[in-house]
Amino acid sequence: MREYRSSNIRNVAVVGHGASGKTTLVDALAFVSGSSKRHGSIRDGTTVTDYSPDEIERGYSINLGCAHAEWMDTKINLIDTPGYLDFVGDALAGIAAADGALVVVGATSGVEVGTEKTFQEAIARQDPVLFVVSMLDKENASFDRVYQDIKVRLTSKVVPVEIPFGEGSEFRGILNLFSKRAHIYRKGTRSGEYEETEIPAEVRPQFDRYHQELIETIAATDDSLLERYLEGEEIARDEAIAAMKEGMKKGELFPLFCSSAHLTYGMRALLTKIVELMPSAYEMEELHAFRGSEGDRTVEIHADDSAPFTALVFKTHSEPHVGDVSYFRTFSGLVVNGQDVYNATRGAAEKLNHLAVPQGRERIEVAKLHPGDIGCVAKLRNTHTNDTLSTREHPVRLPQIHFPEPLVAFAVRPLARGDEEKLQQGLHRLHDEDPTFQMQYNADTHETIVSGMGERHLEVILARLLRKYNVQAELTRPKIAYRETITARGDGQGRHKKQSGGRGQFGDCWVRFAPAPRGSGYQFEDAIVGGSIPGKFIPAVDRGVQEACARGVLAGYPMVDFIVELYDGSFHSVDSNEMSFKMAGILAFKAVAPKCRPVLLEPLDEIEVTTPNSYLGDVLGDLSSRRGHILGTVADDSRGSTVRAVVPQSEMHLYSTQLHSLTHGRGNFVRRFHGYDQMPGDAAQRVVSETAKEVGAIAG
Ligand SMILES: Nc1nc2c(ncn2[C@@H]2O[C@H](COP(=O)(O)OP(=O)(O)OP(=O)(O)O)[C@@H](O)[C@H]2O)c(=O)[nH]1
Ligand SMILES: [Mg+2]
């Protein structure tokens, strides 16, 4: 592997909707450049970046994958990202690690939700974006349709720099609007060889129209160019490229390319244009002004060999027989093989043994890396995704990748008894690999809850758990942490008396229960006068009531939000002790609580749903069928509408799946815990009778 300096490195995230052809494109680019020895395919499971067994088996990307293509003395790092929204975490990490995005749009499918989301993300980061129409060899491919689609749905600033010559089975070549030459591919070429010719006469009118559009668009980005253009002067290729690159950096221009990765058509031109149009890490600084923090100081990060080393770990992937491999993007400073570095995020020393650059699963060892490059190392001891590697002298922390919160949750349990510990360990490791996968123990329901971006995501997690940690587990609907409370006042006695042989037991108390405001929990008031219960036994009554109310009277859920007033009682000078008064407290709870009109409380989430306006009615209808209470709807013409609602947790299971299907993938939501409220009678009755059934089943 040659050494590449910062100005000769390009980092490109390849993004787009699921199955738009990203992985195949990355494979073809690496192959045609000569950096990868084989032209792989999804069908055979031989692509450079979909190498993990779960990807090969399923035929789609799950993890981001790094490849590189060496072209024109430049190293193009290509980060292939998964298109399915369940794995959006890796797409975001890929975009964060790169300096620009290549948005792939299928020639038959056009712009889809995943195209929109990844394009918006790249734009939000002010990254230059290049569009590629993929699969132009497919039946019903239409370049014009995709172009219009991008124009209408993504940005009016898209402009073709190439157009296809023929489409579908007739796809024979690509017309280059910059060089005004045609590339006619040799039938059966495996690495994109072509004949360069004049523009064929039959497509001349179409070509001229597109050419005119390109030149006008480029001229419009710069006043002096525009003037010269209007005076009839020809704009030279280099000038046009330079103007386009500037336009891309400012987000004013988005070039559109043609390709068929299967046939390797368009790969050479695309490689050349990535080198010419995408900024190097060095050039990105003026756009991104990278900063990090050293202690509480903000420091500037420069892609400079002599600056202190900083790098962000954007992916951790555990590989069989190797362990965790950390993928990092260096931002400043030269780094050499075997270097001691410092993980400032965790305060841990690490050593970069076998420093390498990734080509899919392969790791090619290198002596050093210049800033802006992408590297990987195996077996770091205490480094996870989103950590910054730097030096002990300058312990810098770079801004972290913002991963989305999980959207679906399930309870998980091992199928085999005794696997609990292995399950916990495996899940922890999987979380370290994938920040969008989370787990926690719910002490209320005694369940381990796993959450992720979608059902497909959690299925993949279970498959990995089995393959890597040999634990078979199943997912179930999580239990809901209901509570109970009272709605009326009541009072009564708890009297514990036992006389069996030797010393007896005696405790007697009178209590009043009163409802308390939501969220106030349990309160105990001592209103004993005249010492009817000695002070030293009073805390025991309190403990007894608390112990009993941990299992309420309706369906065994903890009782909350009530006040217990201990106002009278009696004692025995010999037989009374703490234990007896605790028992009296328990009995008092059991006697009084049922008289106070107990009800079930259910946990509620507050959610904020965003949806295109056209699906608003469906979203609102669905929320009300979930017993949702709409707090407000804000309509925003451009982005759609936002609905705020409070919805019972028991009705929220798999909401994201339903929302996606209602809104064709365009709806989003965030949720947070809102609080508890009384459950309506019929719904509560169902919970009570289900609990009774469960208890019956256990008892039976
Ligand atoms: N005809 C044709 N099919 C293609 C081409 N490129 C990809 N495909 C097929 O389209 C399907 C999806 O291709 P992938 O490369 O896996 O697409 P992807 O965008 O990486 O998909 P995700 O990883 O799921 O987001 C596969 O069956 C490919 O074989 C192409 O140029 N021509
Ligand atoms: Mg893929």
Side-chain angles (χ1 to χ4, degrees), residues 12-32 36 39-52 54-67 78-95 101-119 121 131-143 146 164 166-174 185 189-192 257-267 269-270 315 360-361 453-454 456-457 459-460 665:
V12 181
V14 182
V15 300
H17 194 75
S20 54
K22 300 175 291 295
T23 302
T24 310
L25 180 69
V26 166
D27 185 87
L29 290 171
F31 172 71
V32 168
S36 157
H39 183 198
S41 73
I42 295 291
R43 198 191 56 217
D44 300 338
T46 49
T47 59
V48 176
T49 49
D50 275 7
Y51 57 84
S52 72
D54 36 15
E55 293 174 317
I56 292 172
E57 185 189 311
R58 291 177 166 82
Y60 53 75
S61 307
I62 291 169
N63 297 295
L64 67 78
C66 299
L78 297 160
I79 307 177
D80 175 28
T81 63
Y84 282 111
L85 289 176
D86 284 55
F87 312 110
V88 67
D90 268 28
L92 297 178
I95 293 173
L102 199 156
V103 177
V104 182
V105 193
T108 55
S109 48
V111 172
E112 297 168 89
V113 188
T115 334
E116 282 172 21
K117 295 206 169 169
T118 48
F119 175 70
E121 175 68 19
F131 287 106
V132 184
V133 180
S134 62
M135 310 191 204
L136 275 160
D137 62 297
K138 257 177 100 169
E139 222 40 66
N140 299 320
S142 168
F143 177 82
V146 174
E167 287 172 335
S169 56
E170 293 294 301
F171 184 39
R172 274 164 292 162
I174 294 175
Y185 287 88
T189 176
R190 292 198 59 245
S191 52
F257 291 80
C258 299
S259 75
S260 162
H262 261 187
L263 301 180
T264 63
Y265 290 8
M267 298 302 110
L270 188 52
K315 172 76 185 169
R361 69 139 44 96
M453 302 311 299
R456 197 195 291 251
H457 184 200
E459 267 167 40
V460 165

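Start at 1 and go down the list; that is how both ligands and their atoms are numbered.
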Honestly, for D137 the part within reach of ligand 1 (heavy atoms, under 4.0 Å) is side chain
Anything under 30° is parallel, anything over 60° is perpendicular, the rest tilted; go ahead and classify Y265 against Y185. parallel
So, does R43 sit close enough to ligand 1 that a heavy atom of it is under 4.0 Å from the ligand? no
So, regarding A261 and ligand 1 (criterion: nitrogen or oxygen to nitrogen or oxygen, under 3.5 Å), is there a contact or not? yes
So, for I56 and G45, which heavy atoms are closest and what is the spacing to 0.1 Å? CD1-O, 3.6 Å
Contact with ligand 1 for G16, non-hydrogen, under 4.0 angstrom: no
Tell me whether D86 contacts the main-chain N or O of R456 through its side chain, where contact means a donor paired with an acceptor under 3.5 Å. yes
Would you check if the Mg ion (ligand 2) lies under 2.8 Å from any N, O or S atom of S61? yes
Closest heavy-atom approach to atom 24 (O) of ligand 1 among F171, F87, Y60 is made by Y60
Do ligand 1 and G21 have nitrogen or oxygen atoms that lie under 3.5 Å from each other? yes
Output the distance between atom OG1 (T24) and atom CG (L29), rounded to the nearest 0.5 Å. 11.0 Å
Quick one: which ligand 1 atoms are inside 4.0 Å of a heavy atom on T23? 15 (O), 18 (P), 20 (O), 23 (O)
Determine the interplanar angle of the F87 and H457 rings, folded into 0 to 90°, and report it as parallel if under 30°, tilted if 30 to 60°, perpendicular if over 60°. perpendicular
Would S61 count as a polar contact of ligand 1, with the cut-off being nitrogen or oxygen pairs under 3.5 Å? yes
Is there an N/O/S atom in T23 at a distance below 2.8 Å from the Mg ion (ligand 2)? yes
Checking the N or O distance criterion of under 3.5 Å, is ligand 1 in contact with T81? no
Looking only at N/O atoms, are Y84 and ligand 1 under 3.5 Å apart anywhere? no
List the atom of A101, the atom of V12, and the distance in Å for their closest heavy-atom pair. C-CG1, 4.3 Å
Specify side chain, backbone, both or neither for K22, according to which of its non-hydrogen atoms lie closer than 4.0 Å to ligand 1. both
Within this structure, what is the CG-CG distance for the pair L64 and L78, rounded to the nearest 0.5 Å? 12.5 Å
Would you please test Y84 and R58 for side-chain hydrogen bond (donor to acceptor under 3.5 Å, both in side chains) and show each step? CA-CA 12 Å; Y84 282 111; R58 291 177 166 82; over 6 Å; no
Looking only at heavy atoms of G18, does any of them come nearer than 4.0 Å to an atom of ligand 1? yes
Protein heavy-atom partner closest to atom 10 (O) of ligand 1 - residue, atom, separation in Å: M135 CE, 3.4 Å
Hey, could you give me the CZ/CD distance between R172 and E167, rounded to the nearest 0.5 Å? 11.0 Å
So, taking the atom named CG in L102 and the one named CZ in F131, what distance separates them when rounded to the nearest 0.5 Å? 10.0 Å
Relative to the heavy atoms of S260, which atoms of ligand 1 are at a distance of less than 4.0 Å? 31 (O)
Below the 3.5 angstrom mark, is there an N/O of A19, backbone or side chain, next to an N/O of ligand 1? yes
What's the shortest heavy-atom distance between V15 and K22, and which atoms? C-CD, 3.3 Å
Check this for me - ligand 1, D80, N or O atoms closer than 3.5 angstrom, yes or no? no
Taking every heavy atom of D90 against every heavy atom of N63, the minimum-distance pair comes out as OD2-CA, 3.1 Å
Atom 2 (C) of ligand 1: nearest protein contact (heavy atom, Å): H262 ND1, 3.2 Å
Identify the protein heavy atom lying closest to atom 7 (C) of ligand 1, giving its residue, its atom name and the separation to 0.1 Å. T24 OG1, 3.3 Å
What do you reckon, does I42 have a nitrogen or oxygen under 3.5 Å from a nitrogen or oxygen of ligand 1? no
Is there a donor-acceptor pair under 3.5 Å between the side chain of T81 and the backbone N or O of V14? yes
